[in-house]
Amino acid sequence: MITKLTSLLLVSIFKNVLKDKILVSFVEFLDGLSSDEKDFSKDLKSYSNFISEFYEISNSQNLYEYVKNLIYTDENIISKGCTDCIKDNITLLETAKYELKLFDNLLSFDYETIKDLFLFKYSRMSELISHLPKFNCDNKINFDLDDIINSYSKKGYGIFSCYSAFKYTEECAINPVKYFDSVNFGDLKNYKYQQDILKNNTLAFLQGKQANNILLYGDRGCGKSSSVKALINEFKEYNLKIIQVYKEAFLKLPELYEKLRNLPLKFVIFADDISFDEDEKNFSSIKAILEGSLSNKPDNVIIYATTNRMHLVKESFSSREGNEVHYNDTIDEMVSLSDRFGIMLTFSSLTKYEYLDIVRQIASDCCITVDEKLNLKACEFAMQKGIMTPRIARQFIIDFISNN
């Protein structure tokens, strides 16, 4: 037993796994139980601490599955360089296989084994030992390095293997969105033409073909952002990821590119509701970063942005009057930002007929009978809002349900 625990000191590739709070608690308990010191209260307390950590943190009460998830999502030299080069590195692979055996050995200490060790060390405490809190550890299957490498290749590692959506901060941090606003294209009741172009471009990107950055332009509430979010569910089999970047973090895009460049995943960089003032600081730098800077955009990254403005720049009356000597150059500078997107999809506000058709579709989904009275109420609701969009149609149905 001492040899098994001591050998964990040799772990180098999967060293981060051993830093996990539950495993630290587990190993500390086993260390104490394997020592010559006989202190039943101390060993029992150490075991209780492990059980408490395990029940609190682990979603499943199976220690093997918990450790397996740690290994399959671990950020290490193999997961970060999961290429043919790694597969040909015999020394590295043999080391990894040996370390996985060490984890197999560690997990051989299941509940029954631990209870036997307690009884061996404290035979007079058999009655209390028989009531040790249980944990599951189905360790009949040993860890398979080939399967682990294959998982790294398809799902990535670390937070990228656990989440689909992320936010990028000014501090260059990539934070996961734990409760992603998941949307299906089936929930979006109009703009099928625009959505088909978006889906086809994304599919080409995922298949390694040439694809364009896309600017989704149009009135508020028409489903521009929702269409981008719906791509996650549409292309689940490709394990597509989305990273939302706010305007304040645009200048940090080159750093984000380098973080993503060598990952075996595809990323949509999502800039939602963007626009700039004429005197926006670093405007030219942002334009260059979107396309044209020395740091080229990785092949596994594409940019989708939404805006309510055709040319992304808020113009003042003075700019239209041409107060600058090089007025035309200034306007070209504004327009050129939009030109960084190869495709522009327009989401215009709806006609009355289109609006009522969406109301009908949503009402049908909610098992609501559609008649002239409902249509009239829907139009009155839209008039109060000042616009007819899919968002207003959905809000109307929610309001109708809550009041009937």
Working note: T306 + Y217, criterion side chain to side chain donor-acceptor pair (under 3.5 Å); need CA distance, chi angles, decisive distance, verdict. CA-CA 6 Å; T306 70; Y217 159 76; over 6 Å; no
What's the verdict on side-chain contact (heavy atoms from CB on, under 4.5 Å) for L356 and C379, showing C-alpha distance, side-chain angles and the deciding distance? CA-CA 8 Å; L356 290 177; C379 290; 3.9 Å; yes
Starting from the C-alpha separation in whole Å, work towards a yes-or-no answer on ring pair (Phe, Tyr, Trp, His ring centres under 6.0 Å) for F160 and F267. CA-CA 10 Å; F160 297 114; F267 295 89; 5.4 Å; yes
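Of all heavy-atom pairs between A230 and N184, the closest is CB-C, 4.1 Å. Between F341 and I303, the shortest heavy-atom contact is CE2-CG2, 4.0 Å. Here the shortest heavy-atom pairing between L198 and V228 reads CD2-N, 4.2 Å. The minimum heavy-atom distance between N300 and L260, with the atom names listed, is ND2-O, 2.7 Å. Among all heavy-atom pairs drawn from C137 and Y64, the shortest one is SG-N, 3.9 Å. Shortest non-hydrogen contact noted between F118 and L132 is CD1-CD1, 3.5 Å.
Side-chain contact check for S25 and N49: no donor-acceptor pair (N or O, by modelled atom type) lies under 3.5 Å. The closest side-chain donor-acceptor pair between T113 and D110 falls under 3.5 angstrom. Under 3.5 Å, the side chains of D74 and Y152 contain no donor-acceptor pair of N or O atoms. Using modelled atom types and a 3.5 Å distance limit, the side chains of N403 and D399 yield a donor-acceptor pair. Side chains of Y157 and N76: a donor-acceptor N/O pair is absent below 3.5 angstrom, by distance only. Side-chain atoms of K134 and N136 include no donor-acceptor pair closer than 3.5 Å.
Here CD1 of I78 is found 11.0 Å from OG of S153. Values are rounded to the nearest 0.5 Å. Note that CG of N175 is 9.0 Å distant from NZ of K167, once rounded to the nearest 0.5 Å. Atom CZ of residue F166 and atom CD1 of residue I269 lie 11.0 Å apart, to the nearest 0.5 angstrom.
Ring-plane geometry between F143 and F103 is classed as perpendicular, the angle between the planes exceeding 60 degrees on a 0 to 90 degree scale with a lower cut at 30. Ring geometry for Y47 versus F50: interplanar angle of 30 to 60°, hence tilted. Using the six-membered ring where Trp is involved, F400 and F396 have ring planes that are tilted, between 30° and 60° apart.
Surrounding CG of D299 are at most 12 heavy atoms belonging to other residues, nucleotides or ligands under 6.0 Å away. Atom NZ of K199 has more than 12 heavy atoms from other residues, nucleotides or ligands within 6.0 Å. Atom NZ of K192 is surrounded by more than 12 heavy atoms from other residues, nucleotides or ligands within 6.0 Å. Residue-environment remark: CD (Q210) stays at or below the threshold of 12 foreign heavy atoms within 6.0 Å. Atom CD of E372 has 12 or fewer heavy atoms from other residues, nucleotides or ligands within 6.0 Å.
A salt bridge is absent between E99 and K15; no separation between the charged side-chain nitrogens and carboxylate oxygens falls under 4.0 Å. By the 4.0 Å N-to-carboxylate-O rule, R261 lies close enough to E258 to be salt-bridged with it.
Applying the salt bridge (charged side-chain N to carboxylate O under 4.0 Å, His left out) definition to pairs two or more places apart or across chains, those involving residues 350-369 are K189-D365, D357-R360. Sorted by first and then second residue, the salt bridge (charged side-chain N to carboxylate O under 4.0 Å, His left out) pairs with a member in residues 118-131 read D43-K121; sequence neighbours excluded. Residues in residues 208-233 take part in these salt bridge (charged side-chain N to carboxylate O under 4.0 Å, His left out) pairs, two or more places apart or across chains: D181-K229.
A donor-acceptor pair under 3.5 Å is absent between the side-chain atoms of S52 and the main chain of S48, judged by distance alone.
The cationic group of K252 does not satisfy the cation-pi geometry with Y168, failing either the under 6.0 Å distance to the six-membered ring centre or the 45° limit from the ring axis.
Aromatic ring centres of Y163 and F180: separated by at least 6.0 Å.
Contact check for Y66 versus I57: side-chain heavy atoms found under the 4.5 Å cut-off. With contacts defined as side-chain heavy-atom distances shorter than 4.5 Å, the pair I13/L92 qualifies. Annotation: side chain of V370 is in contact with side chain of N375 (closest heavy-atom distance under 4.5 Å). F26 places none of its side-chain heavy atoms less than 4.5 Å from the side chain of F54.
Checking each of L30, N105, L102 against L8 for a side-chain contact (heavy atoms from CB on, under 4.5 Å) leaves exactly one that passes, namely L102.
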